[in-house]
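Heads up: the structure comes next, in C-alpha coordinates.
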There are 2 protein chains.
Amino acid sequence: MLSHSQTPEYRQTVTGGSREILDRVGDKWSLSVIGALRAGPLRFNELKKQVTGISQRMLTLTLRYLERDGLVTRTMFATIPPRVDYALTPLGFKLLKPVCELVEWVQENSAEIEAAQRSFDEQTVPVPLT
Amino acid sequence: MLSHSQTPEYRQTVTGGSREILDRVGDKWSLSVIGALRAGPLRFNELKKQVTGISQRMLTLTLRYLERDGLVTRTMFATIPPRVDYALTPLGFKLLKPVCELVEWVQENSAEIEAAQRSFDEQTVPVPLT
DNA sequence: CAGAATCCAATTCGATACTG
DNA sequence: CAGTATCGAATTGGATTCTG
(Lines give C-alpha, C1' and ligand atoms only; values in the text may rest on other atoms or scores of the structure.)
Protein backbone atom coordinates (compact mmCIF):
# COMPACT_ATOMS: atom_id res chain seq x y z
CA MET A 1 0.00 0.00 0.00
CA LEU A 2 1.89 3.00 -1.27
CA SER A 3 5.03 1.48 0.11
CA HIS A 4 7.20 4.40 1.09
CA SER A 5 10.24 2.52 -0.08
CA GLN A 6 13.13 4.90 -0.33
CA THR A 7 14.44 5.53 -3.81
CA PRO A 8 17.76 3.75 -4.33
CA GLU A 9 20.63 6.17 -4.95
CA TYR A 10 21.49 4.85 -8.34
CA ARG A 11 18.27 6.21 -9.69
CA GLN A 12 19.85 9.62 -9.42
CA THR A 13 21.74 9.04 -12.68
CA VAL A 14 21.17 11.55 -15.45
CA THR A 15 17.49 11.92 -14.78
CA GLY A 16 18.15 13.34 -11.36
CA GLY A 17 15.28 13.61 -8.94
CA SER A 18 12.81 13.35 -11.78
CA ARG A 19 12.72 9.58 -11.48
CA GLU A 20 9.43 9.47 -9.68
CA ILE A 21 7.58 11.39 -12.36
CA LEU A 22 9.28 9.47 -15.12
CA ASP A 23 8.12 6.33 -13.37
CA ARG A 24 4.62 7.75 -13.41
CA VAL A 25 4.87 8.58 -17.09
CA GLY A 26 6.26 5.19 -17.85
CA ASP A 27 3.96 3.07 -15.79
CA LYS A 28 1.18 1.10 -17.21
CA TRP A 29 -1.85 3.27 -16.61
CA SER A 30 -1.02 6.83 -15.54
CA LEU A 31 -0.99 8.35 -18.99
CA SER A 32 -4.29 6.73 -19.87
CA VAL A 33 -5.87 8.07 -16.72
CA ILE A 34 -4.49 11.56 -17.26
CA GLY A 35 -5.67 11.41 -20.84
CA ALA A 36 -9.15 10.45 -19.74
CA LEU A 37 -9.28 13.40 -17.35
CA ARG A 38 -8.30 15.89 -20.04
CA ALA A 39 -11.87 16.77 -20.91
CA GLY A 40 -12.94 17.32 -17.32
CA PRO A 41 -13.59 15.62 -13.97
CA LEU A 42 -14.75 12.03 -13.90
CA ARG A 43 -16.06 9.71 -11.25
CA PHE A 44 -14.36 6.48 -10.34
CA ASN A 45 -16.52 4.22 -12.43
CA GLU A 46 -16.58 6.62 -15.35
CA LEU A 47 -12.82 6.48 -15.37
CA LYS A 48 -12.93 2.73 -15.16
CA LYS A 49 -15.06 2.63 -18.28
CA GLN A 50 -12.94 5.04 -20.26
CA VAL A 51 -9.65 3.42 -19.41
CA THR A 52 -10.42 0.09 -20.96
CA GLY A 53 -8.83 -2.89 -19.36
CA ILE A 54 -7.79 -1.33 -16.08
CA SER A 55 -8.65 -3.24 -12.94
CA GLN A 56 -10.29 -1.65 -9.94
CA ARG A 57 -7.16 -2.16 -7.97
CA MET A 58 -4.87 -0.51 -10.49
CA LEU A 59 -7.21 2.40 -11.00
CA THR A 60 -7.22 3.04 -7.27
CA LEU A 61 -3.45 2.77 -7.01
CA THR A 62 -2.81 4.91 -10.08
CA LEU A 63 -5.12 7.63 -8.82
CA ARG A 64 -3.43 7.61 -5.43
CA TYR A 65 -0.02 8.05 -6.98
CA LEU A 66 -1.23 10.85 -9.23
CA GLU A 67 -2.87 12.51 -6.26
CA ARG A 68 0.29 12.21 -4.23
CA ASP A 69 2.31 13.83 -6.99
CA GLY A 70 -0.14 16.72 -7.10
CA LEU A 71 -1.37 15.92 -10.59
CA VAL A 72 -4.93 14.91 -9.71
CA THR A 73 -7.43 15.99 -7.09
CA ARG A 74 -9.87 13.74 -5.34
CA THR A 75 -13.18 15.19 -4.21
CA MET A 76 -15.51 13.18 -2.03
CA PHE A 77 -19.20 13.89 -1.67
CA ALA A 78 -20.70 12.50 1.50
CA THR A 79 -23.83 11.29 -0.24
CA ILE A 80 -25.39 7.88 -0.33
CA PRO A 81 -24.28 6.23 -2.46
CA PRO A 82 -20.90 7.92 -2.20
CA ARG A 83 -19.54 9.90 -5.09
CA VAL A 84 -15.94 10.79 -5.80
CA ASP A 85 -14.72 13.10 -8.51
CA TYR A 86 -11.25 13.06 -9.94
CA ALA A 87 -9.84 15.99 -11.85
CA LEU A 88 -6.54 17.23 -13.16
CA THR A 89 -4.84 19.94 -11.14
CA PRO A 90 -3.27 22.92 -12.92
CA LEU A 91 0.01 21.04 -12.53
CA GLY A 92 -1.54 18.00 -14.15
CA PHE A 93 -2.71 20.08 -17.08
CA LYS A 94 0.70 21.62 -17.48
CA LEU A 95 2.26 18.17 -17.59
CA LEU A 96 0.05 17.37 -20.53
CA LYS A 97 2.08 19.54 -22.88
CA PRO A 98 5.51 17.88 -22.70
CA VAL A 99 3.91 14.48 -22.43
CA CYS A 100 1.78 15.01 -25.50
CA GLU A 101 4.78 16.20 -27.43
CA LEU A 102 6.59 13.03 -26.53
CA VAL A 103 3.64 10.89 -27.50
CA GLU A 104 3.30 12.78 -30.75
CA TRP A 105 6.98 12.34 -31.49
CA VAL A 106 6.57 8.62 -31.05
CA GLN A 107 3.53 8.55 -33.30
CA GLU A 108 5.29 10.57 -35.98
CA ASN A 109 8.25 8.25 -35.87
CA SER A 110 6.45 5.01 -35.29
CA ALA A 111 6.94 3.87 -38.87
CA GLU A 112 10.69 4.21 -38.54
CA ILE A 113 10.69 2.55 -35.15
CA GLU A 114 8.62 -0.39 -36.29
CA ALA A 115 10.78 -0.82 -39.37
CA ALA A 116 13.84 -0.96 -37.13
CA GLN A 117 12.15 -3.54 -34.92
CA ARG A 118 11.21 -5.73 -37.85
CA SER A 119 14.67 -5.70 -39.36
CA PHE A 120 16.18 -6.38 -35.93
CA ASP A 121 13.80 -9.25 -35.33
CA GLU A 122 14.48 -10.97 -38.59
CA GLN A 123 18.24 -11.02 -38.30
CA THR A 124 17.98 -12.11 -34.68
CA VAL A 125 16.74 -15.51 -35.74
CA PRO A 126 13.77 -16.34 -33.56
CA VAL A 127 14.64 -19.44 -31.60
CA PRO A 128 12.34 -22.32 -32.53
CA LEU A 129 10.42 -23.33 -29.46
CA THR A 130 10.66 -27.07 -29.95
CA MET B 1 15.81 -12.91 -23.31
CA LEU B 2 14.00 -10.30 -25.36
CA SER B 3 10.85 -12.27 -24.92
CA HIS B 4 8.81 -11.51 -27.98
CA SER B 5 5.70 -11.50 -25.87
CA GLN B 6 2.88 -9.93 -27.79
CA THR B 7 1.59 -6.67 -26.44
CA PRO B 8 -1.79 -7.16 -24.78
CA GLU B 9 -4.57 -5.25 -26.47
CA TYR B 10 -5.45 -3.14 -23.49
CA ARG B 11 -2.16 -1.31 -23.83
CA GLN B 12 -3.68 0.37 -26.86
CA THR B 13 -5.55 2.80 -24.61
CA VAL B 14 -4.92 6.50 -25.20
CA THR B 15 -1.24 6.09 -25.85
CA GLY B 16 -1.90 4.03 -28.93
CA GLY B 17 0.97 2.08 -30.42
CA SER B 18 3.45 4.28 -28.62
CA ARG B 19 3.44 2.02 -25.62
CA GLU B 20 6.71 0.37 -26.43
CA ILE B 21 8.65 3.60 -26.57
CA LEU B 22 6.93 4.92 -23.48
CA ASP B 23 8.00 1.73 -21.79
CA ARG B 24 11.52 2.45 -22.91
CA VAL B 25 11.35 6.01 -21.61
CA GLY B 26 9.90 4.82 -18.36
CA ASP B 27 12.14 1.90 -17.69
CA LYS B 28 14.91 1.97 -15.24
CA TRP B 29 17.98 2.58 -17.38
CA SER B 30 17.20 3.62 -20.96
CA LEU B 31 17.25 7.35 -20.37
CA SER B 32 20.53 7.14 -18.51
CA VAL B 33 22.10 5.16 -21.31
CA ILE B 34 20.80 7.53 -23.97
CA GLY B 35 22.03 10.44 -21.91
CA ALA B 36 25.48 8.90 -21.66
CA LEU B 37 25.63 8.49 -25.43
CA ARG B 38 24.76 12.12 -26.09
CA ALA B 39 28.36 13.23 -26.32
CA GLY B 40 29.38 10.47 -28.69
CA PRO B 41 29.94 6.72 -29.07
CA LEU B 42 31.02 4.69 -26.08
CA ARG B 43 32.23 1.17 -25.55
CA PHE B 44 30.44 -1.30 -23.35
CA ASN B 45 32.59 -0.82 -20.29
CA GLU B 46 32.75 2.94 -20.72
CA LEU B 47 28.98 2.98 -20.64
CA LYS B 48 29.01 0.79 -17.60
CA LYS B 49 31.20 3.31 -15.81
CA GLN B 50 29.15 6.32 -16.80
CA VAL B 51 25.82 4.81 -15.92
CA THR B 52 26.53 4.32 -12.26
CA GLY B 53 24.84 1.40 -10.64
CA ILE B 54 23.82 -0.50 -13.75
CA SER B 55 24.58 -4.19 -13.82
CA GLN B 56 26.20 -5.91 -16.75
CA ARG B 57 23.02 -7.75 -17.43
CA MET B 58 20.82 -4.68 -17.49
CA LEU B 59 23.25 -2.74 -19.63
CA THR B 60 23.19 -5.54 -22.18
CA LEU B 61 19.43 -5.80 -22.14
CA THR B 62 18.87 -2.06 -22.28
CA LEU B 63 21.21 -1.70 -25.22
CA ARG B 64 19.47 -4.52 -27.07
CA TYR B 65 16.09 -2.89 -26.62
CA LEU B 66 17.40 0.47 -27.75
CA GLU B 67 19.03 -1.16 -30.73
CA ARG B 68 15.84 -2.96 -31.61
CA ASP B 69 13.89 0.30 -31.50
CA GLY B 70 16.40 1.89 -33.86
CA LEU B 71 17.69 4.35 -31.28
CA VAL B 72 21.19 2.99 -30.88
CA THR B 73 23.68 1.30 -33.19
CA ARG B 74 26.03 -1.45 -32.19
CA THR B 75 29.35 -1.70 -34.01
CA MET B 76 31.60 -4.69 -33.45
CA PHE B 77 35.30 -4.69 -34.21
CA ALA B 78 36.73 -8.15 -34.75
CA THR B 79 39.84 -7.42 -32.74
CA ILE B 80 41.34 -9.27 -29.81
CA PRO B 81 40.22 -8.34 -27.29
CA PRO B 82 36.90 -7.54 -28.91
CA ARG B 83 35.61 -4.00 -29.01
CA VAL B 84 32.04 -2.83 -29.41
CA ASP B 85 30.92 0.73 -29.90
CA TYR B 86 27.46 2.00 -29.13
CA ALA B 87 26.16 5.23 -30.57
CA LEU B 88 22.92 7.10 -30.93
CA THR B 89 21.24 6.90 -34.32
CA PRO B 90 19.76 10.05 -35.87
CA LEU B 91 16.44 8.79 -34.55
CA GLY B 92 17.97 8.47 -31.09
CA PHE B 93 19.21 12.04 -31.25
CA LYS B 94 15.84 13.29 -32.35
CA LEU B 95 14.20 11.55 -29.43
CA LEU B 96 16.43 13.54 -27.14
CA LYS B 97 14.48 16.73 -27.71
CA PRO B 98 11.00 15.76 -26.45
CA VAL B 99 12.53 13.65 -23.71
CA CYS B 100 14.71 16.48 -22.47
CA GLU B 101 11.76 18.80 -22.46
CA LEU B 102 9.87 16.37 -20.31
CA VAL B 103 12.79 15.96 -17.94
CA GLU B 104 13.20 19.72 -17.77
CA TRP B 105 9.53 20.17 -17.04
CA VAL B 106 9.84 17.79 -14.14
CA GLN B 107 12.89 19.57 -12.84
CA GLU B 108 11.22 22.97 -13.09
CA ASN B 109 8.19 21.66 -11.25
CA SER B 110 9.91 19.37 -8.80
CA ALA B 111 9.45 21.79 -5.92
CA GLU B 112 5.70 21.78 -6.43
CA ILE B 113 5.61 18.03 -6.87
CA GLU B 114 7.63 17.34 -3.76
CA ALA B 115 5.50 19.75 -1.77
CA ALA B 116 2.41 17.87 -2.90
CA GLN B 117 3.99 14.59 -1.91
CA ARG B 118 4.91 15.85 1.53
CA SER B 119 1.47 17.20 2.26
CA PHE B 120 -0.11 14.00 0.98
CA ASP B 121 2.20 11.90 3.10
CA GLU B 122 1.52 13.72 6.30
CA GLN B 123 -2.23 13.53 6.11
CA THR B 124 -2.06 9.90 5.07
CA VAL B 125 -0.88 8.92 8.51
CA PRO B 126 2.06 6.58 8.05
CA VAL B 127 1.16 3.26 9.59
CA PRO B 128 3.48 2.48 12.50
CA LEU B 129 5.42 -0.63 11.69
CA THR B 130 5.28 -2.17 15.14
C1' DC C 1 36.53 -7.05 -23.37
C1' DA C 2 31.90 -7.95 -23.95
C1' DG C 3 28.93 -10.60 -23.17
C1' DA C 4 25.63 -15.17 -22.14
C1' DA C 5 23.52 -18.21 -18.66
C1' DT C 6 21.64 -19.18 -14.43
C1' DC C 7 19.50 -18.34 -10.15
C1' DC C 8 16.99 -15.75 -6.98
C1' DA C 9 14.63 -11.59 -4.79
C1' DA C 10 11.64 -7.77 -5.34
C1' DT C 11 8.12 -5.53 -7.61
C1' DT C 12 3.96 -5.20 -10.41
C1' DC C 13 -0.30 -6.52 -11.78
C1' DG C 14 -4.86 -9.09 -12.35
C1' DA C 15 -8.65 -11.81 -10.40
C1' DT C 16 -11.55 -12.43 -6.86
C1' DA C 17 -14.04 -11.63 -2.70
C1' DC C 18 -15.62 -8.52 0.66
C1' DT C 19 -17.30 -3.65 2.83
C1' DG C 20 -19.08 1.25 4.48
C1' DC D 1 -20.62 3.51 -5.62
C1' DA D 2 -16.07 3.38 -4.50
C1' DG D 3 -13.30 1.31 -2.71
C1' DT D 4 -10.06 -2.47 0.53
C1' DA D 5 -7.92 -7.06 1.30
C1' DT D 6 -5.79 -11.04 -0.18
C1' DC D 7 -3.64 -14.18 -3.25
C1' DG D 8 -1.02 -15.88 -6.96
C1' DA D 9 1.16 -15.19 -11.56
C1' DA D 10 4.12 -12.60 -14.34
C1' DT D 11 7.65 -9.34 -14.93
C1' DT D 12 11.81 -7.05 -13.68
C1' DG D 13 16.23 -6.60 -11.87
C1' DG D 14 20.66 -7.92 -9.24
C1' DA D 15 24.47 -11.13 -8.19
C1' DT D 16 27.27 -14.53 -9.67
C1' DT D 17 29.54 -17.62 -12.72
C1' DC D 18 31.21 -18.91 -17.13
C1' DT D 19 33.06 -18.02 -22.15
C1' DG D 20 34.86 -16.68 -27.15
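The shown structure was predicted, so the numbers you read here are calculated from the model rather than taken from an experiment. Each chain gets a letter, A, B and so on, in the order its sequence line appears, and its residues count up from 1.
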Measure from the side-chain N and O atoms of B/Thr89 to the backbone N and O of B/Gly70, and report whether any donor-acceptor pair falls under 3.5 Å.
-> yes
Round to the nearest Å and state the distance from B/Ile80 atom CD1 to D/dT19 atom P.
-> 18 Å
Atom CE of B/Met76 to atom P of C/dG3: distance rounded to whole Å?
-> 8 Å
Pull out every residue in residues 81-89 of chain A that has a heavy atom closer than 4.0 Å to any atom of DNA chain C, ordered by number, or say none.
-> A/Pro82
For the helix from C/dC1-D/dG20 to C/dG20-D/dC1, what angle lies between the axis at the first five pairs and the axis at the last five pairs, to 10 degrees?
-> 50°
For B/Arg83, the salt bridge (charged side-chain N to carboxylate O under 4.0 Å, His left out) test, sequence neighbours excluded, returns B/Asp85
Taking only side-chain nitrogens and oxygens of A/Lys28, does any of them come within less than 4.0 Å of OP1 or OP2 of C/dG14?
-> yes
Rounded to whole Å, the CD1-C1' distance (B/Ile54 to C/dG3) equals 14 Å
With the side chain defined as heavy atoms from C-beta on, A/Arg43 is closest, among D/dG13, D/dA2, C/dG14, to D/dA2
Extract all donor-acceptor atom pairs below 3.5 Å that involve side chains of residues 71-78 of chain A and protein atoms in other chains or at least two apart in sequence.
residue	atom	partner	partner atom	Å
A/Thr73	OG1	A/Ala87	O	3.4
A/Arg74	NH1	A/Tyr86	OH	3.3

Within-4.5 Å side-chain heavy-atom neighbours: A/Trp29 and A/Val51 = yes
d(CZ, B/Arg64; P, C/dA5) in whole Å | 11 Å
B/Ser55: partners by side-chain contact (heavy atoms from CB on, under 4.5 Å), with sequence neighbours left out = B/Arg57, B/Met58
B/Asn109 meets the side-chain contact (heavy atoms from CB on, under 4.5 Å) criterion, sequence neighbours left out, with A/Leu91, A/Lys94, B/Trp105, B/Glu112, B/Ile113
For the pair made of CG in B/Leu61 and P in C/dA2, what is the distance, rounded to whole Å?
-> 17 Å
Could you tell me whether the side chain of B/Leu66 reaches within less than 4.5 Å of the side chain of B/Leu88, counting heavy atoms only?
-> no
For B/Arg57 and A/Thr60, take the nucleotide of DNA chain D holding the closest heavy atom to each; which residue's nucleotide lies nearer the 5' end?
-> A/Thr60
Test item: B/Glu101 side-chain N/O and B/Pro98 main-chain N/O as donor-acceptor pair under 3.5 Å = no
Looking at B/Lys48, does any N or O in its side chain come under 4.0 Å of the phosphate oxygens OP1/OP2 on C/dG3?
-> no
May I ask you to test the B/Pro41-B/Glu46 pair for a side-chain heavy-atom distance under 4.5 Å?
-> no
What is the distance from CG of A/Leu47 to P of D/dC1, rounded to the nearest Å?
-> 14 Å
Separation of C/dA2 C1' from B/Leu42 CG (nearest whole Å) | 15 Å
Check the distance between D/dT11's P and A/Met58's CE and give it to me in whole angstrom.
-> 15 Å
